[in-house]
A.B. asks: 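Handing you a structure now.
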Number of protein chains: 2
Amino acid sequence: MPAGRKRQGTLEANRREELLQAAARLFVEKGFDATTTRDIAEAVGMRSGSPFYHFRSKQELLKAAMIAGLETGYRRLQAASEDIVDPAQRLRVMIRVHLGNLLEGDCQVPMLLYESRALDAAARAEIATVTDRYQETWQATLDELAAIGKLRSSAAPLRLLLFGMLNWSSQWYRADGALSLDQIAAAAADLLLM
Amino acid sequence: MPAGRKRQGTLEANRREELLQAAARLFVEKGFDATTTRDIAEAVGMRSGSPFYHFRSKQELLKAAMIAGLETGYRRLQAASEDIVDPAQRLRVMIRVHLGNLLEGDCQVPMLLYESRALDAAARAEIATVTDRYQETWQATLDELAAIGKLRSSAAPLRLLLFGMLNWSSQWYRADGALSLDQIAAAAADLLLM
DNA sequence: CCTACCGATCGGTAGG
DNA sequence: CCTACCGATCGGTAGG
């Protein structure tokens, strides 16, 4: 019964997806250790043991949530920026998209990265593969800007200082606050570009 | 027997201090939840129940470690900067001292702040008192620089973007890496000042 | 995916 | 500050 099996597979994939999203949200909110697998199960209406039908361990859940979130963020970044020819304009868009990845939606992908220390070396290596690709996209645009003298500083760690500015905003940004993401993005871009 | 009592008091204060430092280091390294009170006891050569002779709870230990670390950092900042008349030079020194607070020594004060979510509202308010004082010192110097047109951006959240650049460095800085704290400090200052 | 459960660990306490 | 301990919680599993 292929149709039945297929529908079942879809349902299972959906439950898996629900678990990932609930886990991501809770891990960001309370931290990996303070979130119990029972919290996650309850968030999707399961019993305490059931998440382990979908994931081998709590660490597996974290790893999968990180990778899924990072890949979504990467796709958004590429889709929004790859057709922009002017590197300065492209950087502005990338900054805005990154702030969205960070602060819009309910996952806050890059903040999940703080929880990497809960994972073993093998899992961390898997995640590094995805984050490296994200970083390379940024470095390419920054290099392009440096080559035409449009960056105010050519210091080696410029990308890292930029990510710091942006990622730290999750510590203080409030959706109902005085500053919009557009304003924060513009302020950060103005600091870098000349 | 005042002399005896005094010596005893000093010993007790020393043990307390040892606990605070061990706790701070472990909380930064492994996170609050992943650090057990047994880890902390063992780090100072005590038995599992003994930290509770000095601190009512694990949360009390975290709170006290945060406040002690923040006050040390604040004293360093003031001592290094208060006599510098030129605000641009003062900002450069403050940035360097802040990086030291963050990355030298074994406590990494500002990173402890991530663990605030483990505390209740009352404890968070106590800590806010100390961090606010730290922030005000920075805001005063930034205002001074803005007034004489020496900042490249007058965006409202400039202080927050700056803290982001600096604090994020704890995610990637390595003492044996290619970049020294002096170089990072200079790169950050160059981005802000004109 | 649920029921029922286990072994381990953990924060904290009593009593000295 | 130690010994001895408790109650609760947690990640994970067996068996269906």
Side-chain angles (χ1 to χ4, degrees), chain A residues 4-27 29-66 115-120 122-123, chain B residues 4-27 29-66 115-120 122-123:
Chain A
R5 207 185 319 136
K6 190 179 178 188
R7 199 195 295 125
Q8 175 118 8
T10 305
L11 277 174
E12 262 193 40
N14 284 346
R15 293 304 266 162
R16 205 185 130 93
E17 196 57 34
E18 285 178 59
L19 277 170
L20 279 182
Q21 285 178 19
R25 192 170 38 76
L26 287 164
F27 288 154
E29 188 184 315
K30 315 190 349 173
F32 178 75
D33 291 300
T35 302
T36 70
T37 54
R38 283 164 170 83
D39 290 338
I40 298 167
E42 192 182 7
V44 300
M46 286 180 186
R47 299 292 180 150
S48 67
S50 302
F52 296 98
Y53 171 74
H54 296 275
F55 296 92
R56 227 174 314 212
S57 68
K58 194 184 170 188
Q59 272 82 4
E60 272 288 315
L61 247 171
L62 174 59
K63 189 182 78 175
M66 286 175 124
E115 307 295 341
S116 289
R117 62 183 162 194
L119 299 175
D120 60 27
Chain B
R5 207 185 316 136
K6 192 178 175 191
R7 197 191 301 124
Q8 175 117 11
T10 305
L11 278 174
E12 262 193 41
N14 285 345
R15 292 305 266 162
R16 207 185 130 93
E17 195 56 35
E18 285 177 59
L19 277 170
L20 280 182
Q21 287 179 19
R25 190 172 38 79
L26 287 164
F27 288 155
E29 187 185 317
K30 316 188 351 173
F32 178 76
D33 290 300
T35 302
T36 70
T37 55
R38 284 165 169 82
D39 291 337
I40 298 167
E42 193 181 7
V44 300
M46 284 179 186
R47 300 292 180 151
S48 68
S50 302
F52 296 98
Y53 170 74
H54 296 275
F55 295 92
R56 229 174 315 215
S57 69
K58 192 185 172 186
Q59 273 82 3
E60 273 288 315
L61 246 172
L62 174 59
K63 191 182 78 175
M66 285 174 125
E115 307 295 340
S116 289
R117 62 185 162 192
L119 299 175
D120 59 28

A.B. asks: Side chains of M46(A) and E18(A), heavy atoms from C-beta outward: is any pair under 4.5 Å?
C.D. replies: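 A side-chain contact under 4.5 Å is absent here.
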
A.B. asks: For the pair made of OH in Y53(B) and C1' in dT13(C), what is the distance, rounded to whole Å?
C.D. replies: 16 Å

A.B. asks: Return the minimal non-hydrogen interatomic distance between A41(B) and S48(B), and the atom names on each side.
C.D. replies: CB-CA, 4.2 Å

A.B. asks: Is the number of heavy atoms from other residues, nucleotides or ligands within 6.0 Å of CZ (R47(A)) greater than 12?
C.D. replies: no

A.B. asks: Using a strict cut-off of less than 4.0 Å between a Lys/Arg side-chain nitrogen and an Asp/Glu carboxylate oxygen, indicate whether E12(A) and R15(A) qualify as a salt bridge.
C.D. replies: no

A.B. asks: Taking only the side-chain heavy atoms of S57(A) (C-beta and beyond), determine which of dG12(C), dG12(D), dT3(C) contains the nearest atom.
C.D. replies: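 Selected nucleotide: dG12(D).
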
A.B. asks: Roughly how many Å is it from CD in E42(A) to P in dC2(C), rounded to a whole number?
C.D. replies: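 Distance, rounded to whole Å: 12 Å.
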
A.B. asks: Measure CD1/I40(B) against P/dG12(C) and give the value in whole Å, please.
C.D. replies: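 Spelled out: CD1 on I40(B) to P on dG12(C) is 10 Å.
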
A.B. asks: Show the nearest heavy-atom pair for residues F32(B) and K58(B), with the distance to one decimal.
C.D. replies: O-NZ, 2.9 Å

A.B. asks: From C-beta outward on S50(A), which listed nucleotide comes closest to its side chain: dC1(C), dG12(D), dC1(D)?
C.D. replies: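 Of dC1(C), dG12(D), dC1(D), dC1(C) is nearest to the side chain of S50(A).
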
A.B. asks: Rounded to the nearest angstrom, tell me the gap between atom CG in D33(B) and atom C1' in dA8(D).
C.D. replies: 16 Å

A.B. asks: Taking CZ from R38(B) and P from dC1(D), how many angstroms apart are they, rounded to a whole number?
C.D. replies: 17 Å

A.B. asks: Can you tell me if the side-chain N/O atoms of R15(B) get under 4.0 Å from OP1 or OP2 in dC1(D)?
C.D. replies: yes

A.B. asks: Under a 3.5 Å cutoff on both atom distances, Watson-Crick or G-U, what's the dot-bracket for DNA chain C ([ ] crossing, | other strand)?
C.D. replies: ||||||||||||||||

A.B. asks: For L119(B) and dG11(C), give me the distance from atom CG to atom P, rounded to whole Å.
C.D. replies: 15 Å

A.B. asks: Mind listing the closest non-hydrogen atom pair of S57(A) and F52(A) along with its distance?
C.D. replies: CA-CE2, 4.1 Å

A.B. asks: Quick check: on DNA chain D, is the nucleotide nearest R47(B) upstream (toward 5') of the one nearest T35(A), or the reverse? Name the residue that is more 5'.
C.D. replies: R47(B)

A.B. asks: Rounded off to whole Å, could you give me the CE-to-P distance for the M46(A) and dG11(D) pair?
C.D. replies: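 Those two atoms, CE and P, are 16 Å apart.
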
A.B. asks: Looking at dG11(C), dC1(C), dC10(D), which one has an atom nearest to any side-chain atom of T36(A)?
C.D. replies: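 Closest nucleotide to the T36(A) side chain: dC10(D).
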
A.B. asks: Nearest whole Å is fine: how far is dG11(C) C1' from E60(B) CD?
C.D. replies: 14 Å

A.B. asks: Is the closest side-chain heavy-atom distance between E17(B) and L20(B) below 4.5 Å?
C.D. replies: yes

